[in-house]
Amino acid sequence: MKTLKHYSILALLLVMFNCTVSPKAIDYGNDGCSFCKMTIVDKTHAAEIVTKKNKAYKFDATECMVNFMDDFKSSEIELFLSNDFSEPGTLIDAKKATFLISKNIPSPMGAYLSAFKNKADAQNKQAEEGGDLYSWEELLMHLKG
């Protein structure tokens, strides 16, 4: 009987400490940007970092997320997320996204930066609005350079 109790306690501890790292919903109009402190209202440009300890930091724009990264070791970050311009309010993996910087698409912090889950959507929007396309790595070099 004592062994069963030990297994129950062990199982409970495993459940408690086996948290899955996942995105946290952004409460538009209420949540504040972790970098610039502005209220997050734009569902097409918001972003989020989730650490390996499952702590979420929310941003009103991808460029705020990139600037906030200076405060972290990249090894501490599990997820980089940006809103999909084509599906407002939907967070996507920023490392796999295609980014468009177009002076014809304003973003909250003035970088004219939008993220797209599908490269074809980004190319179509670029054909309509002009601008330059970037991968995540290219975007980091462009914004930090």
Side-chain angles (χ1 to χ4, degrees), residues 6-145:
H6 286 126
Y7 283 122
S8 296
I9 292 170
L10 181 61
L12 181 61
L13 288 172
L14 285 173
V15 168
M16 287 174 42
F17 290 107
N18 191 15
C19 299
T20 303
V21 174
S22 60
K24 308 296 179 247
I26 296 172
D27 185 4
Y28 298 94
N30 290 308
D31 284 342
C33 177
S34 293
F35 181 72
C36 74
K37 309 305 180 206
M38 288 178 52
T39 301
I40 303 169
V41 294
D42 186 340
K43 292 184 178 186
T44 56
H45 293 101
E48 185 173 285
I49 285 175
V50 182
T51 67
K52 291 186 178 190
K53 294 182 179 179
N54 208 27
K55 171 117 172 91
Y57 296 89
K58 301 170 185 180
F59 307 95
D60 63 340
T62 297
E63 56 266 30
C64 281
M65 175 173 68
V66 170
N67 288 323
F68 188 79
M69 288 168 47
D70 293 340
D71 295 340
F72 277 95
K73 294 178 189 165
S74 59
S75 62
E76 295 175 7
I77 300 172
E78 184 70 22
L79 300 171
F80 295 96
L81 305 159
S82 291
N83 274 5
D84 185 354
F85 186 85
S86 299
E87 290 186 47
T90 302
L91 288 166
I92 58 172
D93 184 345
K95 289 182 172 183
K96 296 178 182 175
T98 301
F99 295 89
L100 173 63
I101 295 179
S102 172
K103 293 290 185 185
N104 295 316
I105 305 173
S107 62
M109 296 307 294
Y112 302 95
L113 174 61
S114 304
F116 295 83
K117 181 178 182 176
N118 299 312
K119 188 172 186 175
D121 290 345
Q123 291 169 327
N124 290 338
K125 189 53 85 175
Q126 179 191 33
E128 293 172 14
E129 303 290 349
D132 298 307
L133 296 177
Y134 299 87
S135 68
W136 174 248
E137 294 79 19
E138 292 167 339
L139 179 67
L140 293 179
M141 287 189 302
H142 176 77
L143 294 177
K144 300 281 187 182

If I compare all heavy atoms of [X] with all of [Y], which pair ends up nearest, and what's the gap?
X: Val21; Y: Thr51; answer: CG1-O, 3.6 Å
X: Lys144; Y: Asn67; answer: NZ-CA, 4.4 Å
X: Ala94; Y: Met65; answer: CB-CE, 4.2 Å
X: Val50; Y: Pro23; answer: CG2-CA, 4.1 Å
X: Ala97; Y: Ala115; answer: CB-CB, 4.5 Å
X: Phe68; Y: Ser34; answer: CE1-O, 3.5 Å

Decide if atom NZ of Lys43 counts as having more than 12 heavy atoms of other residues, nucleotides or ligands within a radius under 6.0 Å.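 Open: at most 12 neighbouring heavy atoms sit under 6.0 Å from NZ of Lys43.
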Output the distance between atom [atom1] ([X]) and atom [atom2] ([Y]), rounded to the nearest 0.5 Å.
X: Thr39; Y: Asp31; atom1: OG1; atom2: CG; value: 9.0 Å
X: Leu100; Y: Asp132; atom1: CG; atom2: CG; value: 8.0 Å
X: Ile105; Y: Glu129; atom1: CD1; atom2: CD; value: 5.0 Å
X: Asn104; Y: Tyr112; atom1: CG; atom2: OH; value: 9.0 Å
X: Ile77; Y: Tyr57; atom1: CD1; atom2: OH; value: 9.5 Å

Scan for side chain to side chain donor-acceptor pair (under 3.5 Å) pairs involving residues 91-101, sequence neighbours excluded, and state none if there are none.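 Residue pairs passing side chain to side chain donor-acceptor pair (under 3.5 Å), neighbours aside: none found.
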side-chain contact (heavy atoms from CB on, under 4.5 Å) for Asn118 and Glu87? Distances and angles first, verdict last. CA-CA 11 Å; Asn118 299 312; Glu87 290 186 47; 5.8 Å; no
Short question: side chain of [X], backbone of [Y] - any donor-acceptor pair under 3.5 Å?
X: Gln126; Y: Gly131; value: yes
X: Asn54; Y: Ser22; value: yes
X: Ser102; Y: Gly130; value: yes
X: Lys58; Y: Asp27; value: no
X: Asp60; Y: Cys33; value: no

Would you say that [X] contacts [Y] through its side chain, given a criterion of any heavy-atom pair below 4.5 Å between the two side chains?
X: Leu91; Y: Leu79; answer: no
X: His45; Y: Met109; answer: no
X: Phe59; Y: Ile49; answer: yes
X: Lys117; Y: Thr90; answer: no
X: Thr62; Y: Leu143; answer: no
X: Ile40; Y: Tyr28; answer: yes

Once ring-ring contact (aromatic ring centres under 6.0 Å, His included) is applied, do any residues pair with Phe116, and if so which ones, sequence neighbours excluded?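 Phe85.
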Which is it for Met69 and Phe80 under the side-chain contact (heavy atoms from CB on, under 4.5 Å) test, yes or no, and what are the steps along the way? CA-CA 10 Å; Met69 288 168 47; Phe80 295 96; 3.5 Å; yes
Parallel under 30°, tilted from 30 to 60°, perpendicular over 60°: which one fits the rings of Phe99 and Trp136?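 Tilted: the ring planes of Phe99 and Trp136 meet at 30° to 60°.
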side-chain contact (heavy atoms from CB on, under 4.5 Å), paired with Thr44, selected from Ser86, Pro88, Ser114: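 Single side-chain contact (heavy atoms from CB on, under 4.5 Å) partner of Thr44 among Ser86, Pro88, Ser114: Pro88.
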Please report the C-alpha distance between Ile101 and His142 in whole Å, then the side-chain angles of each, then the deciding distance to 0.1 Å, and finally whether the side-chain contact (heavy atoms from CB on, under 4.5 Å) criterion is met. CA-CA 11 Å; Ile101 295 179; His142 176 77; 3.6 Å; yes
